[in-house]
**Student:** 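Let me give you the structure first, and then I'll get to my questions.
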Number of protein chains: 2
Amino acid sequence: MDASILTIQPTSPEPIYRQIVEQLRRLIAGGQLTPGEKLPSVREVAGFHAVNPMTVSRAYGLAESEGLLERQRGKGMVVATGQGISRSENERMQLLEPHLHETARQARELELPADEVVRRLQQLLGE
Amino acid sequence: MDASILTIQPTSPEPIYRQIVEQLRRLIAGGQLTPGEKLPSVREVAGFHAVNPMTVSRAYGLAESEGLLERQRGKGMVVATGQGISRSENERMQLLEPHLHETARQARELELPADEVVRRLQQLLGE
DNA sequence: CCAAGTGTATTGTTGTATTGATACACATGG
DNA sequence: CCATGTGTATCAATACAACAATACACTTGG
């Protein structure tokens, strides 16, 4: 598995290890990472993105304790069986809910017409 | 002015002072806070939301250096003249852009159909 | 078997961010 | 004039994130 599946923004205020965990959560729920699939090794990710191996390890560890990943001693990390298999669209949508609520809140504070906001999002999703 | 215009989530990883600044930015751009309008005092906000006065002061200070607020020594903070007056819808939309991009990214990672996401946002905006 | 590959525990250091407590300078209204 | 209201400078205390350098336990392929 290529280390390029993960996107890391070192400048973001969002800590790197959390960026990784949340991305894994979505990629697995969305089926782009399937149960049993092998993840890029800690050192591979660390080298590719120029971050500390322990930072990646921390992310993997959290993902494991969350049930997203399974550890295979001596081999590597693997997407947990039982994850992602039959995630209904509804379940996946719930992972987006908090973000959408925040979007709505900000739009209201900006007094932006709903139509405009919706249209812009639609445009972005079409790319 | 009531301290309740501001919403603060103490549990959020987003630091409090930044929550305040960004909210001010939107409330002013959206016209819910108008130029010359007096803001709730540092101690008022701090008391109401049970945070440290210096945290609020820091937010106000940043907002001032950003040109959002003006300081009237001994009196208080006021929405800067020249702010918000004729913020075009386009300008306001740009304040939402980064958030919308992130929404699109997450939706793609979740492999959610654009229609569903758009529909849900529309629903949230209608409330 | 053993070299090379996994993840990880450990310890320490660095830089930064966030919050807090206190004291201060200023302006206003009675 | 002075009590009371502004905002804030200053210093300290934490907490957090990331990095660095090791060392370890494990598995696999040659």
Side-chain angles (χ1 to χ4, degrees), chain A residues 1-3 5-24 28 33 36-81, chain B residues 1-3 5-6 8-24 28 33 36-80:
Chain A
M1 171 51 60
D2 198 343
I5 27 160
L6 295 177
T7 302
I8 294 181
Q9 292 161 332
T11 65
S12 166
E14 179 92 353
I16 296 175
Y17 76 91
R18 212 180 303 166
Q19 291 182 40
I20 296 178
V21 174
E22 291 174 4
Q23 244 173 111
L24 288 176
I28 292 174
L33 288 175
E37 190 169 351
K38 195 162 168 292
L39 288 163
S41 81
V42 163
R43 290 171 180 79
E44 196 176 346
V45 175
F48 186 85
H49 290 100
V51 298
N52 191 284
M54 282 312 298
T55 301
V56 181
S57 175
R58 183 178 180 182
Y60 278 11
L62 284 178
E64 189 213 11
S65 68
E66 197 177 315
L68 292 173
L69 305 182
E70 279 172 6
R71 176 179 24 179
Q72 296 189 346
R73 278 182 303 184
K75 307 184 71 174
M77 299 297 275
V78 161
V79 176
T81 61
Chain B
M1 172 51 61
D2 199 341
I5 27 160
L6 295 176
I8 294 181
Q9 293 163 331
T11 64
S12 165
E14 178 93 351
I16 296 173
Y17 75 90
R18 211 180 303 168
Q19 291 183 39
I20 296 177
V21 174
E22 291 174 4
Q23 245 175 109
L24 289 176
I28 292 175
L33 287 176
E37 190 169 352
K38 195 163 167 293
L39 287 163
S41 81
V42 163
R43 286 170 181 78
E44 196 175 345
V45 175
F48 186 86
H49 290 101
V51 299
N52 192 284
M54 278 311 300
T55 302
V56 182
S57 173
R58 182 176 182 181
Y60 279 11
L62 284 177
E64 189 213 10
S65 68
E66 198 176 315
L68 292 172
L69 305 183
E70 280 171 7
R71 175 179 26 180
Q72 298 187 345
R73 278 184 302 185
K75 305 183 74 173
M77 300 296 276
V78 162
V79 177

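FYI, side chains are in, hydrogens and waters are out, and symmetry mates aren't considered; it's all heavy atoms of this structure. As the structure is a computational prediction, the values presented were derived from the model and not from experiment. Letters A, B, ... mirror the listed sequences (proteins, then strands); counts begin at 1.
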**Student:** If an axis is fit to five pairs at each end of the helix from C:dC1-D:dG30 to C:dG30-D:dC1, what is the angle between the two, to the nearest 10°?
**Tutor:**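 That helix gives 10° between its end axes.
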**Student:** Determine whether A:Pro40 and A:Ile5 make a side-chain contact, defined as any pair of heavy atoms from C-beta on separated by less than 4.5 Å.
**Tutor:**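 Yes; the side chains approach each other to less than 4.5 Å.
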**Student:** Give B:Arg58 one of three labels, base, sugar-phosphate or nothing, depending on what nucleic acid heavy atoms sit under 4.0 Å from its own.
**Tutor:**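 Base, at least one base atom sits under 4.0 Å.
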**Student:** Please list, by residue number, the residues of residues 7-24 of chain A whose heavy atoms come closer than 4.0 Å to an atom of DNA chain C; answer none if no residue qualifies.
**Tutor:**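 The answer is none.
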**Student:** For residues 56-67 of chain B, pull every pair meeting side-chain hydrogen bond (donor to acceptor under 3.5 Å, both in side chains), keeping only residues two or more places apart or in separate chains.
**Tutor:**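 Checked against side-chain hydrogen bond (donor to acceptor under 3.5 Å, both in side chains) - neighbours excluded - the pairs reaching residues 56-67 of chain B are B:Arg25-B:Glu66, B:Glu64-B:Arg71.
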**Student:** Applying side chain to side chain contact (heavy atoms under 4.5 Å, CB included) to A:Leu24 and A:Val79, what does each step give before you reach the verdict?
**Tutor:** CA-CA 9 Å; A:Leu24 288 176; A:Val79 176; over 6 Å; no
**Student:** Report yes if some heavy atom in the side chain of B:Leu39 is under 4.5 Å from a heavy atom in the side chain of B:Val45; otherwise report no.
**Tutor:**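 No, their side chains stay 4.5 Å or more apart.
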**Student:** Given atom CD of A:Glu64 and atom P of C:dT8, what is their separation to the nearest angstrom?
**Tutor:**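 Rounded to whole Å, this separation is 7 Å.
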**Student:** Sequence neighbours left out, what passes side-chain contact (heavy atoms from CB on, under 4.5 Å) with B:Glu14? Give chain and number order.
**Tutor:**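 Here the qualifying residues are B:Ser12, B:Arg18, B:Gln19, B:Glu22.
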**Student:** What is the first contacted nucleotide of DNA chain D and what is the last, in 5' to 3' order, if contact means an atom lying under 4.0 angstrom from a heavy atom of chain A?
**Tutor:**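 Answer, 5' to 3': D:dA17 to D:dT28.
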**Student:** Set out, line by line, the N/O atom pairs under 3.5 Å between protein and nucleotides 22-30 of chain C.
**Tutor:**
from, atom 1, to, atom 2, distance (Å)
C:dA27, O4', B:Arg73, O, 3.4

**Student:** Is the shortest heavy-atom distance from the side chain of B:Leu62 to the side chain of B:Ile20 under 4.5 Å?
**Tutor:**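 Of all side-chain heavy-atom pairs linking B:Ile20 with B:Leu62, none is under 4.5 Å.
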**Student:** With a 4.0 Å cut-off on heavy atoms, is A:Thr55 in touch with a base, just the backbone sugar-phosphate, or nothing at all?
**Tutor:**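 A:Thr55: backbone/sugar contact only, no base atoms under 4.0 Å.
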